[in-house]
Amino acid sequence: MLKRLFALFTQFDDSLKFMIAFQFGSLILLTVLYHYMKERHKKLWLLLCVLPLIVFFIFYVLNYVHGNPVLLFQRYSGLGAVSIIILLWGIALYFRGSAAVYSVFAYTITICCFGITAASVILYSMIYNLGNFTSYDWEKSFSKTIDRLEKVYVTREWKEIDFDSIRSELIPKVRQAQQIGDKAAFGEVLYDLKYELFDGHINVEINDFDTSYEVSQRLAGNDYGFSMFCDSAGEVLAVLVDEKSEAAANGIKNGTVITKWNNQPIDEAVSQVRCIDTFYTFSYIENEEIFKPLFLAGKGGESVEVTFIDDKGNECTAKLNKRGNYLSRLHSGIDIVMSGNDIISNENFYTCMLNNNCGYLRVKSEYYYYGGMDFVKAELFNGYEEMRKELSEKMKLLKEQGMECLIIDLRKNSGGMGMVSQNIASLFVDVEFLSEESYMSRSGKMVQLGKPAKISEAEYSYMPIAVLVNAETCSAGDCLTYWLSRGDNTQLIGNSYPWGCAQGIGGSCLLTNDEFEFTYPVHLTLSEEGVPISDAKGDRKARVLLDHKIEYDRDGVIRLFSSTGTDDDVLEYAVNILNENVNTR
C-alpha cells in the first residue's frame, strides 16, 4: 500500500509537493528551534511561527486560479490550515508552555490536514498535476501547456513526441485565433494538439457550451446528404444516404461506389483525412483508417463534387450543395459500426446462455461498488474479493446450464479501475499480474512497483473464450483486454481494435480564465517487459492485436448501415468460432 501511495505522490505537481514539504518542514524546524530559543529569543521564535502563514499567502496569490477559485480552495485549503495551526501552536507555547502536549496536538492535526489535502487531490479532483495558466492569454497559456506536456506527459518519450514541431505548427494558429477573438478556432487548435498526442485519455474541456458545440460542428464539417465507408475490397461506398437529398436525386444510394471527392481520387482524399472529433478518439492508426471515409464525407465547402459509379456502371459526377452540419450523421455512422452489445443487455456484469453450450458475460465498465467506497479499497488494498466471488458464482450457474465456452463482451466498455480488470481477468487466464501503479523517474525510466504475482486460481483457464472488443473498449477496458489476451485459451475478436490507451489520468492544464482545460494521463500501467501495456509508439500501430478482424464486403456494408439494431454480426461470428473450437477438442 505504501508503494502505491508513493507512486501517486510522485505525480503531484512541484508546487503542491513544495508546500507540503515546506509546511511540515517548518513545523519540525520550529520544534527544534524552540528548545534553543525559548529562554532568550522567545519573541523572535514566535515571529518565525508567522512565516509559514506569510509563505502560504504568497503561494496562494501566485497560484490563484482565475475563473475557478473553488479548485484552488479545494486543493490548498488543508495547507492553509496547517500554517494557521503552526501559528496557534506558537502562540500557545509562548503564553502557556506545555510544549509536549501542544506539540503532539499540532503534529496530529497537521498530519490530518495533509491527509485531507492528499484525499482532495486523489479522490475528489483527480488532478495530481495542475498547470495553472489561467492568468495568461491564449497564446501564452497554450505555449505553457505544451511546455508542461513536454515535461510530465507520461508517454511522451514512449511515443517520441516532437514538441518543437507541434509548437511551430500550432502556435501560429493560436496567434491567429487570438487576433480575431475566435474562441472556437482556439478550441479547434486544442483538439489539433490532442490529435498530435494520439491519446484517448487526453481530453479538452470548453466551459462555454455554445463554443464547445460550435467546435464540434466545425470539426465535423458540412453534410451533403450521405456518408461513406470502405468495404473489404477497398472500395469506398455511400452509406446513410438521405433519400430526400441532392445526393439521392443524382443517383447516389446505399452501396454506390464513390471514386472521387472534389476531383481527387477517393483513396488519396481518404488518406489525407485526420479523424478529429470532440467525442471520439482513435489512438491506433488501424482504427483511424476504418473511420476515415466517414469523416471525409463532411470535408468540403459550400458545395462538393462527388464522382461515383451509377447503376449502369458509368462514372458520373454530381455537384452537391451543403445541407446543414454533418455532426449528427457522422456520429450516427460511428455508432453503427460500434453497436451490438446493447441488444442483449445494458447491465454491467450481465450473464446469460446464448445457446445450449455458449455462455455470455458483458463487462460494461471496470467499476464495482461494494460497501459504498470499495473502489478506494481496490486502489489501496488490492480489494474486490467480493466482486470476484460474485462473478465466480455467476460463472458456476452458467456452467450448470451447460456452458462449454464463453464470450466476454468488452465492446463499448467505458473503463474504470485497473485493479478491477485484473481481478476479472484472474478468473479466466492463468497469468501473473503486475502492480497497477507505476511511475516515471526523473531520469525518464519507467519504474514498476512490485513483482508479478497471481491473484488467485484461474478457474476457467481451460475454457475456450472469445473476447469481443472495439474502438470504444476504453482505459481499464484496455487493461482487461490486455490481460485476457495473455491467456492461451482466449481469442480477441472485433470489427475494430481496442482504444489503445491504458495510462491513468490525473494531469490538467487550465488555460485563459479557466475557459479551457486540457487534461492528460500521468500514471503508468506497464507490462511484464516494463513498457506501457497497450499505448502505441510513434508509429501509432496497434499493440494489442486481434486474432480475428471482422471486415464487411459490399453487401455486408449495406446490411450493417441498414440494420434495425437487432443484428450483431460480431457476436454471431464469435459464437461460430467458439463452436468450432469446442467441436475440435
Side-chain angles (χ1 to χ4, degrees), residues 173 176-177 180 182-192 194-195 204 206 208-230 235-282 288-310 315-338 557 561-562:
K173 292 184 179 180
Q176 182 179 5
I180 61 177
D182 190 341
K183 281 188 178 183
F186 181 49
E188 287 184 88
V189 182
L190 289 174
Y191 279 100
D192 284 336
K194 174 179 178 175
Y195 180 85
V204 177
I206 302 174
D208 179 65
F209 175 80
D210 291 337
T211 301
S212 178
Y213 186 63
E214 184 176 352
V215 171
S216 299
Q217 291 198 314
R218 288 190 189 185
L219 291 174
N222 297 318
D223 183 24
Y224 303 103
F226 69 103
S227 192
M228 296 184 288
F229 196 74
C230 192
E235 291 188 315
V236 176
L237 309 178
V239 296
L240 300 178
V241 178
D242 188 334
E243 295 179 357
K244 298 180 180 179
S245 66
E246 281 186 293
N250 279 275
I252 297 176
K253 57 186 180 182
N254 291 325
T256 294
V257 176
I258 309 298
T259 58
K260 291 182 181 179
W261 189 263
N262 262 344
N263 297 315
Q264 186 178 23
I266 193 66
D267 291 342
E268 290 183 15
V270 168
S271 68
Q272 295 170 10
V273 171
R274 303 202 311 170
C275 297
I276 305 178
D277 183 72
T278 56
F279 185 78
Y280 292 102
T281 300
F282 307 106
E288 185 172 42
E289 294 295 336
I290 292 170
F291 294 99
K292 276 185 175 184
L294 284 167
F295 278 80
L296 176 61
K299 307 304 179 186
E302 292 296 316
S303 64
V304 66
E305 290 190 359
V306 180
T307 304
F308 59 96
I309 306 299
D310 66 12
E315 192 172 59
C316 304
T317 299
K319 183 178 180 179
L320 308 177
N321 295 312
K322 73 174 185 180
R323 54 196 308 274
N325 190 263
Y326 181 60
L327 182 62
S328 177
R329 197 181 305 277
L330 171 63
H331 282 187
S332 293
I334 297 172
D335 289 342
I336 287 171
V337 178
M338 293 196 281
V557 170
F561 285 91
S562 302

- Item | Test log, rule salt bridge (Lys or Arg N to Asp or Glu O under 4.0 Å), inputs Lys173 and Asp192 | CA-CA 10 Å; Lys173 292 184 179 180; Asp192 284 336; 3.6 Å; yes
- Query: So which of Lys322, Arg323, Lys319 actually passes salt bridge (Lys or Arg N to Asp or Glu O under 4.0 Å) with Glu302?
  - Reply: Lys322
- Query: Can you tell me how far the CD1 atom of Ile258 sits from the OG atom of Ser227, to the nearest 0.5 Å?
  - Reply: 10.5 Å
- How long is the span from the CG atom in Asp223 to the CD atom in Gln217, to the nearest 0.5 Å? 11.0 Å
- Any idea which heavy atoms bring Val215 and Ala184 closest together, and the distance? CG2-O, 3.4 Å
- Residue pairs fulfilling ring pair (Phe, Tyr, Trp, His ring centres under 6.0 Å) with at least one residue in residues 318-338, sequence neighbours excluded: Tyr280-His331
- Note on the structure: To the nearest 0.5 Å, atom CD1 of Ile266 lies from atom CH2 of Trp261 at 7.0 Å
- Message: Looking at every non-hydrogen atom in both residues, tell me the closest pair between Thr259 and Phe308 and how far apart they are.
- Response: OG1-N, 3.9 Å
- Query: To the nearest 0.5 Å, how far apart are CG in Leu320 and CD in Glu305?
  - Reply: 9.0 Å
- Message: Which heavy atom of Ile276 sits nearest to which heavy atom of Leu219, and what is that distance?
- Response: O-CB, 3.8 Å
- Task: Quick one: closest heavy-atom pair of Phe226 and Ala238, and the distance?
- Result: CD1-CB, 3.9 Å
- Query: Would you say the side chain of Phe282 lies within less than 4.5 Å of the side chain of Asp277, judging by non-hydrogen atoms?
  - Reply: no
- Rounded to the nearest 0.5 Å, how far does NZ of Lys260 lie from CD of Glu268? 10.0 Å
- Message: Between Leu240 and Phe229, does the side-chain contact (heavy atoms from CB on, under 4.5 Å) criterion hold? Intermediate values first, please.
- Response: CA-CA 10 Å; Leu240 300 178; Phe229 196 74; over 6 Å; no
- Note on the structure: Minimal heavy-atom distance between Asn321 and Ser303, with the atoms involved, is OD1-CB, 3.5 Å
- Do the side chain of Lys292 and the main chain of Ser271 share a donor and acceptor less than 3.5 angstrom apart? yes
- Would you please name every residue forming a side-chain hydrogen bond (donor to acceptor under 3.5 Å, both in side chains) with Lys299, sequence neighbours left out? none
- Give the intermediate values and the outcome of side-chain contact (heavy atoms from CB on, under 4.5 Å) for residues Met338 and Phe291. CA-CA 11 Å; Met338 293 196 281; Phe291 294 99; 4.2 Å; yes
- Task: Taking atom types as modelled, find out whether Ser245 and Asp242 have a side-chain donor-acceptor pair closer than 3.5 angstrom.
- Result: no
- Task: Would you check if Glu288 and Tyr195 make a side-chain contact, meaning some heavy-atom pair closer than 4.5 Å?
- Result: yes
- Item | Side-chain donor or acceptor of Asn222 paired with backbone N/O of Gly300 under 3.5 Å | yes
- Message: Please give me the minimum heavy-atom distance between Gly221 and Asn325, naming the atom from each residue.
- Response: O-ND2, 3.0 Å
- Message: I want to check something: taking the side chain as every heavy atom from C-beta on, are Val270 and Met228 in contact at a cut-off of under 4.5 Å?
- Response: no
- Only one of Ile336, Val337, Leu330 passes side chain to side chain contact (heavy atoms under 4.5 Å, CB included) with Ile334; say which it is. Leu330
- How long is the span from the OG1 atom in Thr317 to the CG atom in Asn250, to the nearest 0.5 Å? 10.0 Å
- Set of residues satisfying salt bridge (charged side-chain N to carboxylate O under 4.0 Å, His left out) with respect to Asp310, sequence neighbours excluded: none
